[in-house]
Enquirer: 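Would you mind keeping the following structure in view while I ask a few things?
The model shown is predicted, which means the values in this text are computed figures rather than measured ones.
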Amino acid sequence: GLVGSEMCIRDSEHTAYDTQIRIREKSFEFLKPESLIKVLKNREPVDVKDLQQLVVEHLDDYVESIHKDNANIYARFWDTYKERRPKDENDCRNIIFSELKSRLSPHGVECSPEAQYVNSKRADIRASFSNKFSVPLEFKCDWNKDLWTSLRDQLINKYSIEKNADGHGIYLALWFGKHSRGNIPKTLNGSPTPQTPNQIEDYLLSLLNPEEKQRILVRVINLEWTSI
């Protein structure tokens, strides 16, 4: 009798487990693949590296849409009233900040503009999670005279050293192609001035040592006006 009772209990547990699995499968059955990915991605970051990766995933996704979207997202970064003139750096940063803030909020990640750091220094954006870890983001437009030096002088030496960042950070260069705001600055070592997004990214990465490349991510966003 005891063996039979144990078998019944096991059978009922097994049936209950099967039912749970079927319910779970049913809840995902009608989700399109991209929606399923979204559900699985709505996770909270577990450490600073995970937070950095989460920010970059959403950033890359947004960047991919800039030239594919019919809404001409790139046009938001250009001055409406002056031909071939990008908006100023703060305006461009604020556009990306608003986008990242809305995308990261479901993960419990807070985005702060001009986040205060030690020595009264301010990073352009700080993404932080639960006061446990944070990642600073520094922006520079392609005409900024500090495009090459700010990677180290600001992001690495002033912002990534914060305890919660543990040496991590994201450096964003905004490339506009032809425009009237000024030229890309000369390189630090006298090599030919990078002119394309890929060349700018390669040069910025060349300024990092192998250990820094593990903690500092570089992205160059193509905001070229494509309909002229």
Enquirer: Identify whether the distance between the nearest side-chain nitrogen and carboxylate oxygen of Lys213 and Glu211 falls below 4.0 Å.
Expert: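 No salt bridge links Lys213 with Glu211.
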Enquirer: Which residues pass the ring-ring contact (aromatic ring centres under 6.0 Å, His included) test with Trp175, sequence neighbours left out?
Expert: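 With sequence neighbours excluded, Trp175 shows a ring-ring contact (aromatic ring centres under 6.0 Å, His included) to no residue whatsoever.
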Enquirer: Salt-bridged, Glu224 to Lys178, with N to O below 4.0 Å?
Expert: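 Looking at Lys178 together with Glu224, the answer is no, because their closest N to O distance does not fall below 4.0 Å.
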Enquirer: Under 30°, 30 to 60°, or over 60°: which ring-plane class applies to Phe133 and Phe129, parallel, tilted or perpendicular?
Expert: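 Phe133 and Phe129: parallel rings.
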Enquirer: Heavy atoms, side chains only, cut-off 4.5 Å: are Leu100 and Leu137 in contact?
Expert: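 They are in side-chain contact.
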Enquirer: Report the C-alpha distance between Glu64 and Lys68 in whole Å, list the side-chain angles of each, state the deciding distance to 0.1 Å, and finish with yes or no for salt bridge (Lys or Arg N to Asp or Glu O under 4.0 Å).
Expert: CA-CA 7 Å; Glu64 195 177 329; Lys68 287 185 177 179; 3.3 Å; yes
Enquirer: Nearest 0.5 angstrom please: Ile170 CD1 to Arg215 CZ, how far?
Expert: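 These two atoms lie 14.5 Å from each other.
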Enquirer: Are Val46 and Leu51 connected in a single hydrophobic cluster, I mean Ile/Leu/Val/Met/Phe/Trp/Tyr linked by side-chain heavy atoms less than 4.5 Å apart?
Expert: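 Unlinked, Leu51 and Val46 end up in two clusters.
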Enquirer: Is there a side-chain contact between Asp60 and Arg219, using heavy atoms and a 4.5 Å cut-off?
Expert: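 Asp60 vs Arg219: side chains touch.
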Enquirer: Does Lys145 NZ have over 12 foreign heavy atoms under 6.0 Å away?
Expert: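 Count not over threshold, so no.
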Enquirer: How long is the straight-line distance from OG1 of Thr80 back to CZ of Arg85, given to the nearest 0.5 Å?
Expert: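 One gets 12.5 Å once the value is rounded to the nearest 0.5 Å.
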Enquirer: With a 4.5 Å cut-off on side-chain heavy atoms, are Glu162 and Arg126 touching?
Expert: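 In short, these two side chains touch, coming nearer than 4.5 Å.
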Enquirer: Quick one, Leu104 with Leu54, criterion side chain to side chain contact (heavy atoms under 4.5 Å, CB included). Give me CA distance, side-chain angles, the key distance, then yes/no.
Expert: CA-CA 8 Å; Leu104 292 169; Leu54 190 62; 4.2 Å; yes
Enquirer: In terms of ring plane angle, is the pair His179 and Trp143 parallel, tilted or perpendicular, where the classes change at 30° and 60°?
Expert: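 Correct class here is perpendicular.
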Enquirer: Measure the spacing between CZ of Arg76 and CG of Leu223 and express it to the nearest 0.5 Å.
Expert: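 With rounding to 0.5 Å, CZ (Arg76) is 11.5 Å from CG (Leu223).
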Enquirer: Shortest non-hydrogen contact from Tyr203 to Leu188?
Expert: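 In terms of heavy atoms, the two residues are closest at OH-N, 2.8 Å.
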Enquirer: If you count heavy atoms of other groups shown closer than 6.0 angstrom to CG of Asn131, is the number above 12?
Expert: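 No.
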Enquirer: Ignoring hydrogens, what is the shortest heavy-atom contact between Asp124 and Arg93? Give both atom names and the distance.
Expert: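 For Asp124 versus Arg93, the nearest heavy atoms are CB-CD, 3.5 Å.
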Enquirer: Are side-chain heavy atoms of Phe77 and Ile96 found at a separation under 4.5 Å?
Expert: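 Yes, side chains in contact.
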Enquirer: What are the two closest heavy atoms between Leu147 and Cys141, and how far apart are they?
Expert: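 The answer is CD1-O, 4.0 Å.
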Enquirer: Scan Ser134, Cys111, Pro136 and name whichever one has a side-chain contact (heavy atoms from CB on, under 4.5 Å) with Ser128.
Expert: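 Running side-chain contact (heavy atoms from CB on, under 4.5 Å) over Ser134, Cys111, Pro136 with Ser128 returns exactly one hit, Ser134.
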Enquirer: Main chain of Asn157, side chain of Arg152: is a donor-acceptor contact present, judged purely on distance under 3.5 Å?
Expert: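 No.
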Enquirer: List the atom of Ile216, the atom of Gly167, and the distance in Å for their closest heavy-atom pair.
Expert: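 Residues Ile216 and Gly167, closest heavy atoms: CD1-O, 3.5 Å.
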Enquirer: So does Arg103 pair up with Glu99, basic N to acidic O under 4.0 Å?
Expert: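 Salt bridge flag = yes for Glu99 with Arg103.
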Enquirer: Taking C-beta and beyond as the side chain, do Leu59 and Leu172 meet within less than 4.5 Å on heavy atoms?
Expert: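 Answer yes - side chains close enough.
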Enquirer: If you count every heavy atom of other residues, nucleotides or ligands that lies below 6.0 Å from Lys49 atom NZ, does the total exceed 12?
Expert: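 Yes - once you tally the heavy atoms of other residues, nucleotides and ligands closer than 6.0 Å, there are more than 12.
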Enquirer: Run His168 and Ser160 through side chain to side chain contact (heavy atoms under 4.5 Å, CB included) and show every step you take.
Expert: CA-CA 5 Å; His168 292 78; Ser160 74; 6.0 Å; no
Enquirer: Indicate yes or no: does Asp79 engage Arg84 in a salt bridge with an N to O separation below 4.0 Å.
Expert: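 Salt bridge: no.
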Enquirer: Is any side-chain heavy atom of Asn72 less than 4.5 Å from a side-chain heavy atom of Trp78?
Expert: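 No, side chains not in contact.
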Enquirer: Are side-chain heavy atoms of Val135 and Val48 found at a separation under 4.5 Å?
Expert: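 A side-chain contact exists here, since the closest heavy-atom pair is under 4.5 Å.
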Enquirer: Indicate the atoms forming the closest heavy-atom contact of Cys92 with Leu174, along with that distance.
Expert: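 Looks like CB-CD1, 3.6 Å.
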Enquirer: Going by heavy atoms in the side chains, are Ile125 and Glu138 under 4.5 Å from each other?
Expert: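 Sidechains of Glu138 and Ile125: no contact.
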Enquirer: What's the separation between atom CG in Asn90 and atom CZ in Phe97, rounded to the nearest 0.5 Å?
Expert: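 Going from CG on Asn90 over to CZ on Phe97, the span is 12.5 Å.
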Enquirer: Side-chain donor-acceptor pair under 3.5 Å between Asn189 and Thr187, yes or no?
Expert: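 Indeed, the side chains of Asn189 and Thr187 share at least one donor-acceptor pair under 3.5 Å.
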Enquirer: To the nearest 0.5 Å, what is the distance between OG1 on Thr193 and CG on Asp142?
Expert: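 Spacing of OG1 (Thr193) from CG (Asp142) equals 12.0 Å.
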Enquirer: CD1/Ile156 to CG/Leu151 distance, rounded to the nearest 0.5 angstrom?
Expert: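 Here the rounded value is 4.5 Å.
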Enquirer: Asp146 side chain to Thr149 main-chain N or O, any donor-acceptor pair under 3.5 Å?
Expert: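 Not at all, since once roles are kept as given, no pair shorter than 3.5 Å links the two residues.
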Enquirer: Students often mix this up, so state it plainly: with edges at 30° and 60°, are the rings of Tyr74 and Trp225 parallel, tilted or perpendicular?
Expert: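 Aromatic pair Tyr74/Trp225 classed perpendicular.
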